[in-house]
Every structure is written in C-alpha cells, then in structure tokens.
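These notes concern the structure reproduced below.
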Amino acid sequence: QLQLVESGGEMVQPGGSVTLSCQASGVTLDYYLIGWFRQAPGKEREEVSCIDLISSYTDYSESVKGRFTTFRDNAKTTVYLRMSSLKPEDTAVYYCAARLFRADAPSQCPADDMDYWGKGTQVTVSA
C-alpha cells in the first residue's frame, strides 16, 4: 500500500523560495504519476503540477509555469516541488497524490484519477 507524506511547508516572504518533498513508502514510484495540488481557504483544490515518473514528462498549471519545478530523486522514492518567486496568492495547503501509469491514459494528473493522497503541508507567503 503506497503512502505519501509531504514536508517542507513554511512561511516565506514574497519573492522567496521553498522546496516541498513528497516521500513515498510501501512501494517505489517507478510506474506512477505524481501530482501536486493546492487548496487555499475558501477556494477549490487546484492542480499545480504533474510528473510522469516513467518518461519524466512534466506539466504545470498556467499560474505556476516558469516558477515551480517538479522532479524526483534517483532512488525514485521522493518527488519534490521547487517553488520560486512566490506570491501571496500561492498561500495554500499543498498535497501530493499518485496514480499508477496506464498505457491507455495520457500523462496527466486529474484529481479524480489520483488513487493515493498525502495529508498536506502548509505554505504561507506573507511579508
């Protein structure tokens, strides 16, 4: 049973950087897609990024493209979200989620297709 644990959330000033970690236990992530999502108070959950760990293909929402980068470690047990040029509107609880690769499905991470979720980590961007 795959379990995901996020860490690295903190309070940071606008323009700063934070790197979040998504640590997997139970299985290696060789055949998974990992999505990062966020939810701010009073707002709907938003997909931030997706990485296909077979092809290393990545995708980002328009709101974070060019500022956020998702990547994995060589041991394929941890996926990271590097966030730079942070803005107050990036304040949210950030979650990672996983689903198994399927040959008949594109390399995307819609929330409804994700099978495993972490409990989230808080990122606050404030002066």
Side-chain angles (χ1 to χ4, degrees):
Q1 180 77 11
L2 174 62
Q3 293 182 324
L4 302 172
V5 178
E6 304 93 338
S7 62
E10 62 179 283
M11 178 175 287
V12 62
Q13 292 188 343
S17 299
V18 171
T19 299
L20 305 182
S21 301
C22 176
Q23 175 74 47
S25 62
V27 296
T28 59
L29 298 175
D30 301 66
Y31 302 105
Y32 283 84
L33 281 74
I34 302 295
W36 283 97
F37 300 79
R38 66 185 181 185
Q39 188 164 21
K43 295 188 176 180
E44 293 188 355
R45 182 174 53 195
E46 174 190 10
E47 180 184 342
V48 172
S49 68
C50 181
I51 180 168
D52 179 333
L53 296 181
I54 296 177
S55 67
S56 296
Y57 172 80
T58 57
D59 193 25
Y60 301 91
S61 68
E62 287 300 320
S63 62
V64 307
K65 195 170 291 185
R67 300 189 298 124
F68 289 13
T69 304
T70 186
F71 57 98
R72 66 181 179 189
D73 68 338
N74 289 334
K76 300 181 182 179
T77 59
T78 304
V79 173
Y80 302 93
L81 183 68
R82 173 71 173 172
M83 307 187 295
S84 302
S85 302
L86 283 163
K87 307 174 183 180
E89 51 264 43
D90 294 318
T91 295
V93 178
Y94 283 74
Y95 302 88
C96 64
R99 71 164 179 88
L100 274 170
F101 170 82
R102 300 195 308 270
D104 63 343
S107 294
Q108 297 176 352
C109 298
D112 290 345
D113 284 357
M114 308 309 284
D115 298 315
Y116 306 94
W117 289 83
K119 294 184 178 180
T121 185
Q122 175 73 46
V123 174
T124 302
V125 184
S126 174

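In this chain, residues are counted from 1 in sequence order.
Of the inter-residue distances, the one linking Leu81 atom CG with Ile34 atom CD1 reads 12.0 Å to the nearest 0.5 angstrom. Annotation: the span from Thr124 atom OG1 to Gln13 atom CD amounts to 13.0 Å, rounded to 0.5 Å. Remark: Ile51 CD1 to Cys109 SG distance equals 9.5 Å, nearest 0.5 Å. Atom CD in Gln3 sits 7.0 Å away from atom CD in Gln1 (nearest 0.5 Å). Residue Ile54 holds its CD1 atom at 8.0 Å from OG of Ser107, rounded to the nearest 0.5 Å. To the nearest 0.5 Å, atom CD of residue Glu6 and atom CG of residue Leu20 are 8.5 Å apart.
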**OP:** Please report the C-alpha distance between Arg67 and Ser85 in whole Å, then the side-chain angles of each, then the deciding distance to 0.1 Å, and finally whether the side-chain hydrogen bond (donor to acceptor under 3.5 Å, both in side chains) criterion is met.
**Re:** CA-CA 6 Å; Arg67 300 189 298 124; Ser85 302; over 6 Å; no
Original post:
Run the side chain to side chain contact (heavy atoms under 4.5 Å, CB included) check on Thr69 and Tyr60 step by step: do they pass?
Top reply: CA-CA 8 Å; Thr69 304; Tyr60 301 91; 3.8 Å; yes
**OP:** For ring pair (Phe, Tyr, Trp, His ring centres under 6.0 Å), just list the numbers for Phe37 and Trp117, CA-CA rounded to whole Å, side-chain angles, deciding distance to a tenth of an Å, and then say yes or no.
**Re:** CA-CA 10 Å; Phe37 300 79; Trp117 289 83; 4.8 Å; yes
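Val12 and Phe68 fall within the same hydrophobic cluster, where Ile, Leu, Val, Met, Phe, Trp and Tyr residues are linked whenever their side-chain heavy atoms come under 4.5 Å apart, directly or through other members. Leu33 and Tyr31 fall within a single hydrophobic cluster, where Ile, Leu, Val, Met, Phe, Trp and Tyr are joined by side-chain heavy atoms under 4.5 Å apart, directly or via other members. Under the 4.5 Å side-chain heavy-atom criterion for ILVMFWY residues, a single connected hydrophobic cluster contains both Tyr94 and Tyr116. Linking ILVMFWY side-chain heavy atoms closer than 4.5 Å, directly or via other members, places Val93 and Met114 in a single hydrophobic cluster.
Between the side chain of Asp90 and the backbone N or O of Lys87 there is at least one donor-acceptor pair closer than 3.5 Å. Remark: the backbone N or O of Gln108 is paired with a side-chain donor or acceptor of Arg99 at under 3.5 angstrom.
You'll find the side chain of Gln23 stays beyond 4.5 Å of the side chain of Asp73, heavy atoms only. With contacts defined as side-chain heavy-atom distances shorter than 4.5 Å, the pair Leu2/Leu29 qualifies. The shortest side-chain heavy-atom distance between Arg38 and Ser63 falls under the 4.5 Å cut-off. For the pair Pro14/Pro88, a side-chain contact is recorded, criterion being any heavy-atom separation below 4.5 Å from C-beta on. Residues Thr70 and Val79 meet the side-chain proximity criterion, which asks for heavy atoms closer than 4.5 Å. When side chains are defined from C-beta on, Ser17 does not count as touching Met83, because their heavy atoms never get closer than 4.5 Å. Met11 is not listed as a side-chain neighbour of Val125, based on a closest heavy-atom distance of 4.5 Å or more. The side-chain heavy atoms of Leu86 and Val18, taken from C-beta on, include a pair separated by under 4.5 Å.
The two residues Ala40 and Ala92 make their nearest non-hydrogen contact at N-CB, 3.8 Å. Contact record, Trp36 with Cys22: CZ2-CB, 3.5 Å, taken as the closest heavy-atom pair.
Applying the 6.0 Å contact sphere to CZ of Phe101 captures more than 12 heavy atoms from other residues, nucleotides or ligands. Other residues, nucleotides and ligands contribute only 12 or fewer heavy atoms inside 6.0 Å of the NZ atom of Lys43.
Side-chain contacts under 4.5 Å among hydrophobic residues (ILVMFWY), followed directly or transitively, place Tyr80 together with Phe71.
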